[in-house]
Number of protein chains: 2
Amino acid sequence: MKLTKPTPTLHDVAARANVSTATVSRCLNLPDQVTRRTRDKVMQAIADLGYAPNFGARAMASRRTNTIGAIIPTMENAIFARGLQAFQEELRTHGFTMLVASSSYRPDIEQEQIRSLVARGADALLLIGHERDPEIYRFLEAQSIPALIVWAYDPRIARPSVGFDNRAAMHDLAKEVLRRGHRRLALISAPVAMNDRARERQEGIHDAMCAAGLDPRDLQLVETPYAIENGAMAFDALMARQPRPTAVLCGNDVLAVGAMRRARELGLRVPDDVSITGFDDIELAQVVYPPLATVHVPHREMGRRAAQTLIGMVHGDISVVAVDLGAELKLRGSLGDVPAA
Amino acid sequence: MKLTKPTPTLHDVAARANVSTATVSRCLNLPDQVTRRTRDKVMQAIADLGYAPNFGARAMASRRTNTIGAIIPTMENAIFARGLQAFQEELRTHGFTMLVASSSYRPDIEQEQIRSLVARGADALLLIGHERDPEIYRFLEAQSIPALIVWAYDPRIARPSVGFDNRAAMHDLAKEVLRRGHRRLALISAPVAMNDRARERQEGIHDAMCAAGLDPRDLQLVETPYAIENGAMAFDALMARQPRPTAVLCGNDVLAVGAMRRARELGLRVPDDVSITGFDDIELAQVVYPPLATVHVPHREMGRRAAQTLIGMVHGDISVVAVDLGAELKLRGSLGDVPAA
DNA sequence: TTACAATTTGTAAAGGCTTACATTGACAGT
DNA sequence: ACTGTCAATGTAAGCCTTTACAAATTGTAA
């Protein structure tokens, strides 16, 4: 029968060091307002007791947390994971901490996570894409929590953002595909419901087709969740159609890589028989053979800039607008000329 | 000049709904102790104000957070990201929330993160691997925070864990490599300092070599951080040695895939000229050609079991011990017989 | 109608920390 | 020795919630 030893508090430390709680607090927060001698005593007591300040109490008393929350659709997507890593590193150098949550692409869960992060005292929030229930934006307004949108650029939306133009990027890629003579295009896309990035990429292709005098309704479309295997299955479905598309554009690299694997399994040569493109430019893109033509998403730069911007917003910077970082085409071996008829 | 609108508190809600703060609190926590009529009034007030309970205050008053912290080396490693996703999903179904932090494989940062998570009120902690400063275990003890180790299995260590035997798994793989006639083995490993998983995998190969009558000191070793490009460079270095190894085992799939890419660039055929193996069995392993022989790490099962176990520990379950989930060999095309001399 | 039980609501203390303000002490200048 | 400064430390209020306990309300049985 052992007594549960309560976790030590500021008070315990003060008692052991023979000082007041205020002094202990100062040792931790404003160390040079306290004598060397006293500080040593206090630090020793802290070490002896294994004391750790209670974050909740501290936040409550000081009304700030130096914490910024981030909500991404899923950690399984390498491009988000990378972006977050950069975001966190930048935050760290400014003394801020990151709180992450993932929504599994579900708006209801995202909303729950937003509330949870706000309740936890996040001083600001990082969100992916603009599209969500207006209710949420009202809530953040009511709580006066600044929010920054990343992964999107749309100057028509008056909300701070750091990202790139998904539509224009995909447009550029599709234009290149068309330039190489392809006329029967297909798209393997992530589900577009409540996903403005996916929708804009699709619209980018439509734009390019229109500009080339094609009917955008002829774009063969398969929607499927983010997973290599799904890319493979979607590719199967497309290859079974008549007439076969000669170029399969994919909403992201993971789907594209699944498509490439299945092409090999079906005995189709890339790009001789069919061209395949991706979007994101994750490491994977250069590991497959042939290397994947794709769009490079500036995830590191986006993460870093987002961190800086958000910190500015926390400090009251009100001048933040939409920033376009641009996304660069990476033309590689998986995209070739249209096969001879 | 706009007044900063303070974020609404329990008190504000109570005032607006004409009830006491206690009643509002009950609406949130014990809804059926309060009349339908009152509850509606209160809920309306909450909605009107955009109120969100203050997590810190709540934690302080109720002395629990229903939050479990997890610290992984990096989010960029897909295998950890996957494991965490499963962990989080399981936690969610039990009403718990996950707090993540990543240490970049640096013990000092890990320690800082552990303190931070504890301070934030984590009821328990998930940690990767056993090896860390004993000081940390003492600290957790002093704070009475239960901790569970994953990704490792070592029955000699009396500490709750859910994982698999890295050494035995790598031993099995190396045994198969030797069975296929390979005698000149190389290992591309993650840095082993403060990384018991990497070290155990290396020792597994030593075990197999000894059993086959080889001198484990003949294992050609390159240590390099987790990144595809590093795998490629390490492979370069190994191929420049004389005599060349005929089989290159890798500490993880990412390094292995880098090695495979470089093999292709060097004009070496896998597995005809050189065999390559990985460890983890991430999706990547089946995307490359030939598919990568590797060891399947039961990341989902591990995440799920870890969540259940940890919740049990929070509730006072004291009977937790070391659990071995096993890791299965995945023999695939990148491992072949030793080339004729 | 009255008394009592059961249900609903209110009151106030506690929880760990920061910080404005008050107090003490040391030291320089005279 | 005495006063005035300034640095170091202490005191106590306040941050927002939960919850034990008290009070009020409702319903029921006699």
Side-chain angles (χ1 to χ4, degrees), chain A residues 4 6-43 45-46 49-67 115-116 118-123 143, chain B residues 4 6-43 45-46 49-67 115-116 118-123 142-144:
Chain A
T4 44
T7 92
T9 74
L10 235 215
H11 197 251
D12 300 332
V13 175
R16 182 176 242 265
N18 260 307
V19 297
S20 72
T21 58
T23 300
V24 178
S25 175
R26 276 187 286 256
C27 281
L28 262 23
N29 302 308
L30 307 157
D32 31 38
Q33 274 189 23
V34 65
T35 328
R36 182 106 173 68
R37 239 177 68 79
T38 318
R39 199 169 47 209
D40 289 349
K41 247 191 338 189
V42 171
M43 288 313 187
I46 287 177
L49 262 36
Y51 166 78
N54 178 314
F55 181 84
R58 168 178 273 189
M60 208 160 68
S62 66
R63 40 287 287 321
R64 48 195 171 60
T65 60
N66 278 9
T67 290
R115 289 181 173 276
S116 160
V118 168
R120 281 198 139 77
D123 292 333
Q143 296 278 333
Chain B
T4 43
T7 93
T9 74
L10 234 215
H11 197 251
D12 300 331
V13 175
R16 181 174 242 268
N18 259 305
V19 296
S20 72
T21 59
T23 301
V24 178
S25 175
R26 274 187 288 255
C27 281
L28 262 24
N29 302 310
L30 307 157
D32 31 39
Q33 272 188 25
V34 68
T35 332
R36 182 106 172 64
R37 238 176 68 77
T38 318
R39 197 169 49 206
D40 288 348
K41 249 191 334 190
V42 171
M43 287 314 187
I46 288 179
L49 263 36
Y51 165 79
N54 178 314
F55 183 83
R58 170 178 271 187
M60 205 160 71
S62 67
R63 42 269 313 314
R64 48 197 170 59
T65 61
N66 279 10
T67 291
R115 288 181 175 276
S116 159
V118 168
R120 280 199 139 74
D123 292 333
Q143 296 278 335
S144 20

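Just so it is clear: chains get the letters A, B, ... in the order the sequence lines come, proteins before strands, and each one is counted from 1. Given the structure is predicted, the values throughout are model-derived calculations rather than measurements.
With a 4.5 Å cut-off on side-chain heavy atoms, F55(A) and T65(A) count as touching. Between V42(B) and L28(B) the shortest side-chain heavy-atom distance does not fall below 4.5 Å. Between P31(B) and R39(B), some side-chain heavy-atom pair lies under the 4.5 Å cut-off.
Among the protein residues, T9(A) comes within range of the sugar-phosphate backbone only, with heavy atoms under 4.0 Å from sugar or phosphate atoms but none that close to a base. Across all strands shown, F55(B) has no heavy atoms under 4.0 Å from either base or sugar-phosphate atoms.
For DNA chain D, the neighbouring residues in residues 59-66 of chain A, judged by any heavy atom under 4.0 Å, are M60(A), A61(A), R63(A).
The side-chain hydrogen bond (donor to acceptor under 3.5 Å, both in side chains) search around R58(B) returns N29(B), not counting sequence neighbours. Listed by chain and residue number, D40(A) satisfy the salt bridge (Lys or Arg N to Asp or Glu O under 4.0 Å) test with R36(A) (two or more places apart in sequence, or in another chain). Scanning for side-chain contact (heavy atoms from CB on, under 4.5 Å) contacts around A52(A) gives F139(B), Q143(B), with sequence neighbours left out. Applying the side-chain hydrogen bond (donor to acceptor under 3.5 Å, both in side chains) criterion to T67(B), with sequence neighbours excluded, gives R120(A).
For the salt bridge (charged side-chain N to carboxylate O under 4.0 Å, His left out) condition, the pairs that include at least one residue of residues 13-23 of chain B, sequence neighbours left out, are R16(B)-D48(B).
If you take CD of Q33(B) and P of dA20(D), they are 10 Å apart, rounded to a whole angstrom. When the P atom of dT19(D) is taken as reference, atom CG of L30(B) falls 7 Å away, rounded to whole Å. When rounded to the nearest whole Å, the span between NE2 of H11(B) and P of dG14(D) equals 13 Å. Put simply, CG on N29(B) is 11 Å from P on dT17(D), counting in whole angstrom units.
Ranked by how close their nearest DNA chain C nucleotide is to the 5' end, D32(B) and G56(B) are led by D32(B).
For the atom pair I46(B) CD1 and K41(B) NZ, the distance stands at 13.0 Å (nearest 0.5 Å). Rounding to the nearest 0.5 Å places CG of D123(B) at 6.0 Å from CG of N66(B). Interatomic distance, CG of L10(B) versus OH of Y51(B), reported as 4.0 Å (0.5 Å rounding). Taking CG of L30(B) as the start and CG of D32(B) as the end, the distance is 7.5 Å to the nearest 0.5 Å.
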Distance-only donor-acceptor pairs under 3.5 Å for side chains of residues 17-24 of chain B, two or more places apart:
unit_1 : atom_1 : unit_2 : atom_2 : d
S20(B) : OG     : A22(B) : N      : 3.4
S20(B) : OG     : T23(B) : N      : 3.4
S20(B) : OG     : T23(B) : OG1    : 3.3

Pairwise N/O distances under 3.5 Å, protein to nucleotides 5-7 of chain D:
none

So which protein N/O to nucleotides 10-12 of chain D N/O distances come out below 3.5 Å?
unit_1  : atom_1 : unit_2 : atom_2 : d
dG10(D) : OP2    : S20(A) : N      : 2.8
dG10(D) : OP2    : S20(A) : OG     : 3.1
dG10(D) : OP2    : T23(A) : OG1    : 2.7
dG10(D) : N7     : R26(A) : NH2    : 2.8
dG10(D) : O6     : R26(A) : NH1    : 3.3

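Looking at T35(B), its side chain never comes within 3.5 Å of a backbone N or O of R37(B) through a donor-acceptor pair.
In terms of heavy-atom proximity, A57(A) sits nearest to M60(B) at CB-SD, 3.4 Å.
Nucleotides of DNA chain C lying under 4.0 Å from heavy atoms of chain A occupy a range whose first and last members, 5' to 3', are dG16(C) to dT19(C).
For the helix from dT1(C)-dA30(D) to dT30(C)-dA1(D), the angle separating the two terminal helix axes comes to 40°, with each axis derived from five pairs and the value rounded to 10°.
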